[in-house]
Protein chains: 2
Amino acid sequence: MSDEVVTFFKALADANRLKIVGLLAQQPYSVEELAALLDLKPSTVSHHLAKLAQIGLVSARTESYYNVYQLDEKALQSKSQNLFSQENLAASVVDVNANAYDQKVIADYSRKDGSLKTIPAQRKKLEAVLRYVVQAFEINKKYSEKKVNEILSRYHEDTASLRRELVGYGLMKREGGGGDYWRE
Amino acid sequence: MSDEVVTFFKALADANRLKIVGLLAQQPYSVEELAALLDLKPSTVSHHLAKLAQIGLVSARTESYYNVYQLDEKALQSKSQNLFSQENLAASVVDVNANAYDQKVIADYSRKDGSLKTIPAQRKKLEAVLRYVVQAFEINKKYSEKKVNEILSRYHEDTASLRRELVGYGLMKREGGGGDYWRE
DNA sequence: AATCTAATTTGATGAGTATCGAATTAGATT
DNA sequence: AATCTAATTCGATACTCATCAAATTAGATT
């Protein structure tokens with residue numbers, strides 16, 4: 001689906017093809033005439049017209065010896081309207097892995113056993129790692145600080161920092177003053 | 001001027017750049033994040049973003065370590081509206097030689113001395129040659145048939161055919177029944 | 001000031017494609 | 001039917017450009 005849009009832009013990403021569109025906007029022309037006007041060989045113009053026809057922008061009508069091409073202005077307008085519609089923008093993104101960044105960061109910072117080499121200093125990377133670590137806790141279950149530290153120690157010896165950051169970024173909550181922790 | 005339009009289409013004639021536009025339509029991203037999402041190296045993403053920035057579609061804002069890129073939706077809409085405006089279509093054509101086809105045909109059919117090798121059989125080529133031949137006559141001056149033939153003989157021995165076609169295509173007029181010829 | 005990090009730039013490489021000439025095809029004219 | 005002619009297809013070539021790795025730059029953190 002996004003392929004269609006790429007093909008459309010590729011078809012128009014050439015100076016000579018744009019000139020052809022401009023010329024056909026004035027009047028229909030045969031391949032031979034276009035070749036003379038653009039100072040190109042007929043085979044080259046044929047190649048360009050095929051690309052424009054592929055996206056439905058031009059069509060040919062046989063007239064005696066000649067193949068006269070004309071611009072489909074309707075298609076031109078309708079295509080250009082929807083180019084950046086919500087559907088097309090969304091379609092271009094369907095096959096990107098939304099978690100790719102987190103995965104890359106986690107892979108960079110993890111050992112084979114799942115523990116962390118270091119705790120990232122950069123905010124975005126720290127967030128990615130914390131989103132990963134917090135999954136070790138069940139949702140809505142209460143944990144004592146001792147239990148939290150025990151779980152976090154699987155990831156890094158500096159359990160205090162991990163615990164503090166998890167709360168700081170809102171990934172875990174703490175009850176009142178010195179109570180239990182939980183993940184929402 | 002047409003260069004600008006070509007640059008615009010070229011900038012969007014790439015699947016990964018379209019994905020970048022789609023992603024930035026959702027939220028701003030850093031180069032590093034985009035690289036992870038698209039499974040590309042940061043240097044490649046930088047290259048793509050430079051092309052998108054060149055046409056004013058994205059811009060960067062520095063945020064701590066990161067260069068966060070955002071989509072300029074206003075530019076996106078306004079650009080896509082005017083893409084095939086009358087101005088752009090006309091601009092794409094400014095530097096094409098409108099007489100190139102006639103010139104090519106005339107060159108193909110003329111000898112060095114200006115005379116015609118043959119009279120073209122194809123309509124379009126015949127028209128081009130006739131437009132060339134008729135320039136030997138002054139506008140609004142009356143010529144006898146004998147004088148017409150004398151002038152046409154510089155181009156081809158079959159003056160009768162040339163004379164008939166000139167009148168047939170309306171390039172020369174004839175007075176009443178057997179009177180003089182003239183070019184309007 | 002020294003060090004770290006993300007981004008950019010540069011150079012090299014491979015894939016894609018615009019262009020042409022030659023061969024072929026499709027169709028009209030004679 | 002035979003012959004012309006424009007268009008298309010095919011193969012080759014040159015150029016453009018997407019991509020990466022390495023080097024450099026710009027900027028923030030310590």
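Side chain to side chain, Ser161(B) and Asp158(B) meet the donor-acceptor criterion of an N or O pair below 3.5 Å. A side-chain N or O of Glu33(A) and one of Ser30(A) form a donor-acceptor pair less than 3.5 Å apart.
Applying the ring pair (Phe, Tyr, Trp, His ring centres under 6.0 Å) test to every pair with at least one member in residues 122-159 of chain B, sequence neighbours left out, gives these pairs: Tyr132(B)-Tyr155(B), Phe137(B)-Tyr143(B). For residues 45-57 of chain B, the side chain to side chain donor-acceptor pair (under 3.5 Å) pairs, not counting sequence neighbours, are Arg17(B)-His48(B).
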> Given the rule in the side chain to side chain donor-acceptor pair (under 3.5 Å) test, do Asn149(A) and Arg163(A) qualify, once you have shown the distances and angles that lead to the verdict?
Replying inline: CA-CA 8 Å; Asn149(A) 285 344; Arg163(A) 185 166 30 81; 3.0 Å; yes
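Every residue two or more places apart in sequence or in another chain was checked for a ring-ring contact (aromatic ring centres under 6.0 Å, His included) with Tyr181(B), and none qualifies. Annotation: ring-ring contact (aromatic ring centres under 6.0 Å, His included) contacts of Tyr109(B) (sequence neighbours excluded): none. Remark: Lys142(B) engages Glu175(B) in a side-chain hydrogen bond (donor to acceptor under 3.5 Å, both in side chains) (not counting sequence neighbours). Residues satisfying the salt bridge (charged side-chain N to carboxylate O under 4.0 Å, His left out) test with Glu165(A), not counting sequence neighbours, are none. Applying the ring-ring contact (aromatic ring centres under 6.0 Å, His included) test to Tyr66(B) and every residue at least two apart in sequence or in another chain returns nothing.
Within residues 44-69 of chain B, the residues having any heavy atom closer than 4.0 Å to DNA chain C are, in order of number, Ser46(B), Tyr65(B), Tyr66(B), Asn67(B), Tyr69(B). Within residues 119-129 of chain A, the residues that have a heavy atom under 4.0 Å from DNA chain C are, in order of number, Gln122(A), Lys125(A). Applying a 4.0 Å cut-off to non-hydrogen atoms, the residues of residues 10-38 of chain B that approach DNA chain C are Ser30(B), Val31(B), Glu32(B), listed by residue number.
Under the 30°/60° scheme for interplanar angles, the aromatic rings of Phe84(B) and Phe8(A) are found to stand perpendicular.
Judged purely by atom type and a 3.5 angstrom limit, Asp102(B) has no side-chain atom pairing as donor or acceptor with the backbone of Val129(B).
Of all nucleotides in DNA chain C having an atom under 4.0 Å from a heavy atom of chain B, the first and last in 5' to 3' order are dC4(C) to dT9(C).
For Glu157(B), the CD atom sits in a loose shell: 12 or fewer heavy atoms of surrounding residues, nucleotides or ligands are nearer than 6.0 Å.
End-to-end axis angle of the helix from dA1(C)-dT30(D) to dT30(C)-dA1(D), using five pairs per end and rounding to 10°, comes to 30°.
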